Amino acid sequence: MGKGRRLGKGRRAPGRKTVLPGTDAGTTAATGRIGNWALAGLVLLLSALIVLLDVVTGEDLRVVPLLVVVPALASVFCSLRQTVWVAVWITAVVVGSGLGGDGTFWDFVFGIGFTVLACALGVAACAARIRHATEMDRLRSAAVALQRQILRPLPVITDQVFAYGIYEPIEEDRFVGGDIYEVVQSPYGTRVIIGDVQGKGIAAIGAGFAAIAAFREAAVREPTLTGVVEALEAAVVRHNAFSAQTGEAERFVTALVLGFDEEDRVQAVNCGHLPPRLLHEGRASAVRLERTYVPLGLAGLSRETRTAESFALPPGATLLVVTDGVTEARDAARAFYPLDRRLAGWAGHGPRELLDALRVDLETFTGGIRRDDVAALALGRAPGDGRPLPAAAADEVRPVAGAVSD
């Protein structure tokens, strides 16, 4: 049994830890962004300078009350415990300064009361900030969990292919948008989909999730690629019917559905999507598919029956599939991104290097301004005869769980 078959059972590649988009090593809200010793040094230095300035200016200009600003600053950058410590210290400094001063009793009482009130507000503000940050962390965790259910973390390997990918929704701080992809190991080979839901961002998630869920089931159940596409069509139609009942907009989905088996050819059904690009032996070219059918959800408007066609994917070649967030990206002069011209210069890259170059170049070309969701998959043949994976993929590819084995 080949290496792809053995990894296909769902065992993780050794030495790799799954890291989800949007997750951090730990939130800094509760622990603070400044270390205890650094904070103590800063507070002591600031206290000494202000007290010294107060001594120099005398009773004509009291500057010690300015110390109440310190707990306010601490509430922004420090943990709750650190802010409480700063508040207690500042209160002690103000009390000590008042005891050594020549002011009246009521000046002393007013100064202490004002300091305590300001310090209490600083502590309360810090507690509110941490509570809000904690709630946001929980929401981000929920979003990451949702992302895991909708879009599989990449890279992955199946018995037939290994896949790298990039995914960048248009909406800031979002993990899921209108572009979709999936890689499924089935008894009939590996099925891959990349698609673009009509609309952008969060509003397009419903139709995207309907298509992804249908693909995951049909890819394993249907023996033919056209059967998978028919199941996708039915799922999008059902989703649109439900959307019409709830007053939401009906949407269609452009999609490219691919099927990989043990041969060196790939089956494809193009439902209104961009054609794939093939990179092999230093050359890059668009794969010419004979037919492009209507998008998913619109089959009722056409009399054509969707059929699959095939093209060659030689060993060592890379197949790149993208959404129109790549090809329709614009620069400051409103010119479209020249994908094919760029690919000609990257034809010798491996899948990971290709996507890294694409991501950086796209960011530079657009000046960091995206107008649509961006998704791209770089697919290559996974050796199924015990041969090692390419060096660029061997230590990073994540196996697909639930793959078929003998």
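Computed from heavy atoms alone, side chains included, the values below leave out hydrogens, waters and symmetry copies. Note that the structure is a prediction, hence the values are computed from the model and not measured.
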Quick one: do [X] and [Y] make a salt bridge, cutoff under 4.0 Å?
{"X": "R359", "Y": "E168", "value": "yes"}
{"X": "R265", "Y": "E263", "value": "no"}
{"X": "E230", "Y": "R306", "value": "no"}

Under the side-chain contact (heavy atoms from CB on, under 4.5 Å) test, which residues partner [X], sequence neighbours left out?
{"X": "R303", "value": "none"}
{"X": "A249", "value": "R251"}
{"X": "V220", "value": "V184, S186, P187"}
{"X": "E217", "value": "R221"}

Hey, could you give me the [atom1]/[atom2] distance between [X] and [Y], rounded to the nearest 0.5 Å?
{"X": "E248", "Y": "F242", "atom1": "CD", "atom2": "CZ", "answer": "7.0 Å"}
{"X": "F215", "Y": "E182", "atom1": "CZ", "atom2": "CD", "answer": "6.5 Å"}
{"X": "I50", "Y": "L66", "atom1": "CD1", "atom2": "CG", "answer": "5.5 Å"}
{"X": "L258", "Y": "Q267", "atom1": "CG", "atom2": "CD", "answer": "10.0 Å"}
{"X": "D261", "Y": "L225", "atom1": "CG", "atom2": "CG", "answer": "10.5 Å"}
{"X": "H349", "Y": "L320", "atom1": "NE2", "atom2": "CG", "answer": "12.0 Å"}

Side-chain touch [X]/[Y], heavy atoms, less than 4.5 angstrom:
{"X": "Y181", "Y": "V321", "answer": "no"}
{"X": "D372", "Y": "D196", "answer": "yes"}
{"X": "C78", "Y": "W85", "answer": "no"}
{"X": "V269", "Y": "L256", "answer": "no"}
{"X": "L358", "Y": "L339", "answer": "yes"}
{"X": "V374", "Y": "Y167", "answer": "no"}
{"X": "F260", "Y": "V192", "answer": "yes"}
{"X": "V116", "Y": "F114", "answer": "no"}

ask   = Looking at R191, R381, Q185, which hits side chain to side chain donor-acceptor pair (under 3.5 Å) with Q160?
value = Q185
message = Determine whether a donor-acceptor pair (N or O, by modelled atom type, separation under 3.5 Å) exists between the side chain of E309 and the backbone of E290.
response = yes
inquiry  = Using only atom types and a distance under 3.5 Å, with no angle test, would you say the side chain of D324 pairs donor to acceptor with the backbone of T327?
reply    = no
message = Could you go through L46 and V70, starting from their C-alpha distance and side-chain angles, then the distance that decides it, and tell me whether this counts as side chain to side chain contact (heavy atoms under 4.5 Å, CB included)?
response = CA-CA 9 Å; L46 185 59; V70 178; 3.3 Å; yes
Listed by chain and number, what are the side-chain hydrogen bond (donor to acceptor under 3.5 Å, both in side chains) partners of [X], not counting sequence neighbours?
{"X": "S243", "answer": "H239"}
{"X": "S47", "answer": "W89"}
{"X": "T366", "answer": "none"}
{"X": "T323", "answer": "D179"}

What residues, two or more places apart in sequence or in another chain, satisfy salt bridge (charged side-chain N to carboxylate O under 4.0 Å, His left out) together with [X]?
{"X": "D340", "answer": "R277"}
{"X": "R330", "answer": "none"}
{"X": "R342", "answer": "D361"}

inquiry  = Quick one, F311 with L278, criterion side chain to side chain contact (heavy atoms under 4.5 Å, CB included). Give me CA distance, side-chain angles, the key distance, then yes/no.
reply    = CA-CA 10 Å; F311 59 90; L278 182 66; 5.5 Å; no
Give me the atom names and distance for the closest heavy-atom approach of [X] to [Y].
{"X": "V228", "Y": "A219", "value": "CG2-CA, 4.0 Å"}
{"X": "T226", "Y": "A308", "value": "CG2-N, 3.6 Å"}
{"X": "P71", "Y": "T83", "value": "O-CG2, 4.1 Å"}
{"X": "A347", "Y": "A284", "value": "CB-N, 4.0 Å"}
{"X": "G325", "Y": "A329", "value": "O-CB, 3.6 Å"}
{"X": "L39", "Y": "Q82", "value": "CD2-CB, 3.5 Å"}

Show which side-chain atoms of residues 293-301 pair as donor or acceptor with protein atoms under 3.5 Å away, not counting sequence neighbours.
from	atom 1	to	atom 2	distance (Å)
Y293	OH	T307	N	3.3
Y293	OH	T307	OG1	2.8

task = For side chain to side chain contact (heavy atoms under 4.5 Å, CB included), just list the numbers for T115 and L117, CA-CA rounded to whole Å, side-chain angles, deciding distance to a tenth of an Å, and then say yes or no.
result = CA-CA 5 Å; T115 301; L117 177 61; over 6 Å; no
task = Apply the side chain to side chain contact (heavy atoms under 4.5 Å, CB included) test between L377 and each candidate in V161, I193, L154, L355; give the one that qualifies.
result = L154
inquiry  = Is there a side chain to side chain contact (heavy atoms under 4.5 Å, CB included) between L45 and L49? Walk through the geometry before answering.
reply    = CA-CA 6 Å; L45 178 61; L49 290 176; 4.2 Å; yes
key: Mutual orientation of the aromatic rings belonging to Y164 and F162 [parallel < 30°, tilted 30-60°, perpendicular > 60°]   = perpendicular
